[in-house]
*Asks:* 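One structure, as structure tokens, below. Some questions next.
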Amino acid sequence: MSPRDWGLASAAVALLLDQASKLALLYGFGFRDMVAGQSVPVLPFFNLVMVWNPGVSYGLFPAHSRMGSTFLVFLSLFAVIGLGWWLWNAQRRALAIGLGLVIGGAIGNNLIDRLIYGKVADFFHFYVFGYDWYVFNVADAAITFGVIALLYDALMRPEAHPGHEPG
């Protein structure tokens, strides 16, 4: 597989897992009918919680109006187009996988959810020893791991190390 193929596969997997998990929780387990903030305890450090997020990943930049939501849709669309162009020309697997994960997460989170529901459905809530993490979804995790892959690629690529000849 070429780096582009890896990236496209990563985007497809991230998008499918995100949308499948949302469909299962919203309609299969009835989270769509739950009151916002209502939770289901799963493990001593993990709950499933129904949260409708008006912002982007991890609740950043909330949009509370139709104009704000429309802005976030177009911002996501432009980001996906730009990252897609970068992915199409990517020559390294880690770079392509990172871009694919971010693209798949952005399409699932900020485009599909926002177009269907006007906001993003988040469910996963981890906490331990009095600390807790934002409520997030599979797309948020894909975007986070995609950014980690992009950082890995930027730090580990052969041209980043002076004196190292690419093989």
*Asks:* Work out which heavy atom in W6 is nearest to a heavy atom in R93; give both atom names and the distance.
*Replies:*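 For W6 versus R93, the nearest heavy atoms are NE1-NE, 3.5 Å.
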*Asks:* Is there side-chain contact between D140 and Y134, with at least one heavy-atom pair below 4.5 Å?
*Replies:*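 They are not in side-chain contact.
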*Asks:* Does any part of the side chain of L26, heavy atoms only, come nearer than 4.5 Å to the side chain of F123, both counted from C-beta?
*Replies:*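 Yes, their side chains come closer than 4.5 Å.
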*Asks:* L101 and I143: side chain to side chain contact (heavy atoms under 4.5 Å, CB included), yes or no, with the steps?
*Replies:* CA-CA 6 Å; L101 289 172; I143 291 170; over 6 Å; no
*Asks:* With a 4.5 Å limit on heavy-atom distance, are the side chains of L150 and L95 in contact?
*Replies:*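 Touching, per the 4.5 Å side-chain cut-off.
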*Asks:* Which residues pass the side-chain contact (heavy atoms from CB on, under 4.5 Å) test with A149, sequence neighbours left out?
*Replies:*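 Checked A149 against side-chain contact (heavy atoms from CB on, under 4.5 Å); zero matches.
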*Asks:* Can you confirm whether W52 is buried at CH2, in the sense that more than 12 heavy atoms of other residues, nucleotides or ligands lie under 6.0 Å from that atom?
*Replies:*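 More than 12 within 6.0 Å, yes.
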*Asks:* Should we say atom CZ of F126 is surrounded by more than 12 heavy atoms from elsewhere, each under 6.0 Å from it?
*Replies:*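 Count over threshold, so yes.
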*Asks:* Does any non-hydrogen side-chain atom of N53 lie less than 4.5 Å from one of F136?
*Replies:*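 With C-beta onward as the side chain, the pair stays apart.
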*Asks:* Could you tell me if the side chain of R114 sits less than 4.5 Å from the side chain of V120, heavy atoms only?
*Replies:*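 Contact flag for V120/R114 side chains = yes.
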*Asks:* In the single-linkage hydrophobic clustering (I, L, V, M, F, W, Y; side-chain heavy atoms under 4.5 Å), do V138 and Y27 co-cluster?
*Replies:*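 Yes.
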*Asks:* Mind checking whether L83 and L87 have side chains closer than 4.5 Å, heavy atoms only?
*Replies:*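 Counting from C-beta outward, L83 and L87 never come under 4.5 Å.
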*Asks:* Residues two or more places apart in sequence or in another chain: which of them pass side-chain hydrogen bond (donor to acceptor under 3.5 Å, both in side chains) with N89?
*Replies:*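 Testing N89 for side-chain hydrogen bond (donor to acceptor under 3.5 Å, both in side chains), a comparison that skips the adjacent residues, returns none.
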*Asks:* If you round to the nearest 0.5 Å, how far is CD of Q91 from CG of D153?
*Replies:*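 Spacing of CG (D153) from CD (Q91) equals 11.5 Å.
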*Asks:* Okay, side chain of N47, backbone of V49: is any donor-acceptor separation there less than 3.5 Å?
*Replies:*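 Looks like no, no N/O pair under 3.5 Å.
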*Asks:* Identify the heavy atoms of P3 and A90 that sit nearest to each other, and give their distance.
*Replies:*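 Closest approach of P3 to A90: CB-O, 3.8 Å.
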*Asks:* Counting only heavy atoms from other residues, nucleotides and ligands, does the tally under 6.0 Å from CE of M67 exceed 12?
*Replies:*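 Incorrect, the count does not exceed 12.
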*Asks:* Please say yes or no: joined through hydrophobic side-chain contacts below 4.5 Å, possibly via intermediate residues, are V128 and L48 part of one cluster?
*Replies:*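 No, no single cluster joins them.
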*Asks:* How many angstroms lie between atom CG of L77 and atom CG of L72, to the nearest 0.5 angstrom?
*Replies:*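 If we round to the nearest 0.5 Å, L77:CG and L72:CG are 12.5 Å apart.
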*Asks:* Between R32 and Y117, is there a side-chain heavy-atom distance shorter than 4.5 Å?
*Replies:*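 In short, these two side chains touch, coming nearer than 4.5 Å.
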*Asks:* Give a yes or no on whether Y127 atom OH has more than 12 heavy-atom contacts from other residues, nucleotides or ligands under 6.0 Å away.
*Replies:*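 Yes, OH of Y127 has more than 12 neighbouring heavy atoms, counting only those of other groups under 6.0 Å.
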*Asks:* Any link between M50 and F124 through a network of hydrophobic side chains (Ile, Leu, Val, Met, Phe, Trp, Tyr) touching at under 4.5 Å?
*Replies:*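 M50 and F124: one cluster.
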*Asks:* What about L8 and I81, same hydrophobic cluster or not, with Ile/Leu/Val/Met/Phe/Trp/Tyr joined at side-chain heavy-atom distances under 4.5 Å?
*Replies:*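 Yes, one cluster joins them.
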*Asks:* Could you work out, with side-chain contact (heavy atoms from CB on, under 4.5 Å) as the rule, every residue matching F71, not counting sequence neighbours?
*Replies:*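 Partners of F71 under the side-chain contact (heavy atoms from CB on, under 4.5 Å) test: L75.
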*Asks:* Scan for salt bridge (charged side-chain N to carboxylate O under 4.0 Å, His left out) pairs involving residues 18-30, sequence neighbours excluded, and state none if there are none.
*Replies:*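 Non-adjacent pairs meeting salt bridge (charged side-chain N to carboxylate O under 4.0 Å, His left out): D18-K22, K22-D113.
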*Asks:* For I112, give me all partners under side-chain contact (heavy atoms from CB on, under 4.5 Å), at least two apart in sequence or on another chain.
*Replies:*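 If we apply the side-chain contact (heavy atoms from CB on, under 4.5 Å) test to I112, skipping adjacent residues, the hits are L15, Q19, I107, I116.
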*Asks:* Would you check, one step at a time, whether the test side chain to side chain contact (heavy atoms under 4.5 Å, CB included) holds for D132 with F45?
*Replies:* CA-CA 9 Å; D132 65 330; F45 55 89; over 6 Å; no
*Asks:* Around F46, counting heavy atoms of other residues, nucleotides and ligands shown, do more than 12 lie under 6.0 Å from its CZ?
*Replies:*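 Buried by this count: over 12 neighbours within 6.0 Å.
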*Asks:* Tell me whether F145 shares a hydrophobic cluster with V80, the cluster being built from Ile, Leu, Val, Met, Phe, Trp, Tyr side chains joined at under 4.5 Å.
*Replies:*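 No, no single cluster joins them.
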*Asks:* The criterion is side-chain contact (heavy atoms from CB on, under 4.5 Å); which residues satisfy it with A11, sequence neighbours excluded?
*Replies:*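 Per chain and number, A11 pairs via side-chain contact (heavy atoms from CB on, under 4.5 Å) with I103.
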